[in-house]
Amino acid sequence: MASKLFNLMLILSLLSLVMGHENVELKQYPLVVSTWPFIEAVRAAWRAVDGGSSAVDSVVEGCSTCEELRCDGTVGPGGSPDENGETTMDALVMDGVTMEVGAVAAMRYVKDGIKAARLVMQHTEHTLLVGEKASEFAISMGLPGPTNLSSSESIEKWTKWKNSSCQPNFRKNVLPANNCGPYRPNNYLDLSDETCPDTYQNKISRLPQVGLHSHDTISMAVIDKTGHIAVGTSTNGATFKVPGRVGDGPIAGSSAYAVDEVGACCATGDGDVMMRFLPCYQVVESMRLGMEPKLAAKDAIARITKKFPDFVGAVVALSKMGEHAGASHGWTFKYSVRSPAMKDVEVFTVLP
């Protein structure tokens with residue numbers, strides 16, 4: 001009898017230790033990480049996930065809040081006019097459990113980018129819808145629209161740009177080189193010649209630079225109470241972009257990526273360059289192979305800067321265990337975090 005009692009107590013003791021270990025692990029969750037000090041967006045996501053919402057729903061709540069607040073003028077309606085003065089929306093949501101992705105790009109007339117992206121994921125077999133057809137889909141699924149996405153601020157910004165001969169812009173190898181369009185190819189550019197004509201050299205020096213308020217994305221990752229991961233992004237793209245341009249915001253693996261058993265990544269910066277390297281896919285796969293988040297983030301940025309030394313951008317790596325780290329190049333980058341150990345959102349600074 002004494003032996004049976006001892007064995008029972010031993011089993012209960014071991015069970016207690018195991019359960020205690022489980023509790024320690026769970027204290028890391030939920031967790032919210034976002035590019036930039038978009039504090040209200042992180043708070044909104046935290047309220048949702050801390051209240052029991054899924055990672056997907058929580059990341060949508062956070063990014064949607066940023067759209068409503070028009071974070072930095074680079075998220076949501078009313079910012080970043082293109083060459084025609086129009087604001088359009090790019091957004092993405094990814095479920096790290098199922099690897100499902102929903103995204104919209106160059107979406108006109110609908111202000112709820114991240115919600116439209118979730119509708120694509122939930123109600124189609126597709127990954128990405130674009131342009132007016134994305135707008136038609138979103139409205140047909142119940143989102144409000146059509147809506148004019150421009151604002152008095154975006155129109156004023158566009159007017160000043162037009163009055164400055166449409167400089168700077170994203171055109172290259174075109175004529176006129178230093179004025180508004182219509183544009184045509186620069187027929188005087190001889191690619192076989194090692195020297196560049198003066199018009200081309202001048203154009204290179206006038207290419208727009210990515211800045212804190214130029215074309216930044218909210219890219220957010222959430223780990224919910226069950227340990228599942230999702231990511232989401234939203235942006236109105238690059239200011240004075242060529243109409244129809246799509247950056248890295250709605251591209252899975254570039255602006256964001258999540259794999260439930262590994263971790264997640266968020267990115268922001270020069271999306272035209274970043275989408276050529278899929279840095280967030282690289283970060284997550286590096287962590288899968290055992291690289292810690294800090295090294296994975298630095299490695300992804302280094303792969304870009306090796307080819308584009310003037311590149312400006314940043315990534316945040318988040319492991320399944322809740323460890324996070326950032327890496328940047330060309331600017332001082334900040335990202336926001338909310339965890340159970342924090343009383344409120346905390347902002348981390350990453351030097352280039």
Side-chain angles (χ1 to χ4, degrees), residues 70-90 104-111 113 130-135 146-191 193 195-217 234-251 268-276 308 310-313 330-331:
R70 295 164 52 184
C71 293
D72 272 357
T74 60
V75 180
S80 300
D82 63 18
E83 285 185 344
N84 294 333
E86 183 179 5
T87 297
T88 55
M89 305 284 285
D90 296 342
V104 292
M107 185 173 69
R108 310 173 73 187
Y109 313 131
V110 177
K111 63 183 179 63
V130 302
E132 288 192 40
K133 295 303 179 182
S135 310
T147 301
N148 182 3
L149 301 184
S150 297
S151 65
S152 57
E153 294 87 352
S154 68
I155 294 301
E156 181 181 2
K157 182 185 292 186
W158 176 73
T159 301
K160 288 181 179 179
W161 177 76
K162 292 284 285 186
N163 292 337
S164 298
S165 301
C166 302
Q167 300 298 315
N169 61 50
F170 288 92
R171 304 279 181 166
K172 68 178 183 180
N173 307 339
V174 297
L175 291 174
N178 298 297
N179 211 329
C180 299
Y183 299 98
R184 65 185 186 277
N186 184 346
N187 296 323
Y188 298 102
L189 180 61
D190 185 356
L191 295 178
D193 191 344
T195 61
C196 294
D198 289 341
T199 54
Y200 181 60
Q201 290 176 335
N202 289 341
K203 190 59 185 172
I204 290 294
S205 67
R206 297 181 67 85
L207 285 176
Q209 296 296 312
V210 182
L212 182 59
H213 302 287
S214 177
H215 54 168
D216 301 323
T217 302
S234 183
T235 179
N236 50 41
T239 304
F240 311 131
K241 59 184 175 285
V242 178
R245 177 262 188 187
V246 174
D248 70 325
I251 307 301
T268 184
D270 187 344
D272 289 295
V273 172
M274 298 182 85
M275 65 196 298
R276 303 167 192 174
F308 294 90
D310 295 328
F311 161 75
V312 179
W331 58 11

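FYI, side chains are in, hydrogens and waters are out, and symmetry mates aren't considered; it's all heavy atoms of this structure. Residues take their numbers from the sequence shown, with the count starting at 1.
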Flag for Glu153-Ser151: side-chain donor and acceptor within less than 3.5 Å
yes

Tell me every residue that passes salt bridge (Lys or Arg N to Asp or Glu O under 4.0 Å) with Lys133, counting only those two or more places apart in sequence or in another chain.
Glu136

Please identify each residue that fulfils salt bridge (Lys or Arg N to Asp or Glu O under 4.0 Å) with Arg108, with sequence neighbours left out.
Glu86, Glu132

Looking at [X] and [Y], would you say the former's side chain and the latter's main chain have a donor-acceptor pair under 3.5 Å?
X      : Y      : result
Asp72  : Thr74  : no
Asp82  : Gly85  : yes
Asn236 : Gly76  : yes
Thr159 : Ile155 : yes
Ser80  : Gly237 : yes

What I'd like to find out is whether the side chain of [X] reaches to under 4.5 Å of the side chain of [Y], using heavy atoms alone.
X      : Y      : value
Phe240 : Asn169 : no
Thr239 : Pro81  : yes
Thr147 : Tyr109 : no
Thr217 : Thr268 : yes
Trp158 : Cys166 : no

Once you round to the nearest 0.5 Å, how far does OG1 of Thr87 lie from CE of Met89?
9.0 Å

Taking atom CG of Leu175 and atom CG of Asn186, what is their separation to the nearest 0.5 Å?
4.0 Å

Shortest non-hydrogen contact from [X] to [Y]?
X      : Y      : result
Val75  : Ser234 : CG2-O, 3.6 Å
Pro77  : Lys111 : CG-CB, 4.0 Å
Ser150 : Asn148 : N-OD1, 3.0 Å
Met107 : Ser135 : CG-OG, 3.5 Å
Gln167 : Ala177 : NE2-O, 3.9 Å
Tyr183 : Val174 : CD2-CG2, 3.8 Å

Could you point out which residue of Arg171, Lys241, Arg245 forms a salt bridge (Lys or Arg N to Asp or Glu O under 4.0 Å) with Glu83?
Arg171

Residues in side chain to side chain donor-acceptor pair (under 3.5 Å) with Asp90, at least two apart?
none

Please lay out, stage by stage, how Ile251 and Met275 fare under the test side-chain contact (heavy atoms from CB on, under 4.5 Å).
CA-CA 7 Å; Ile251 307 301; Met275 65 196 298; 3.9 Å; yes

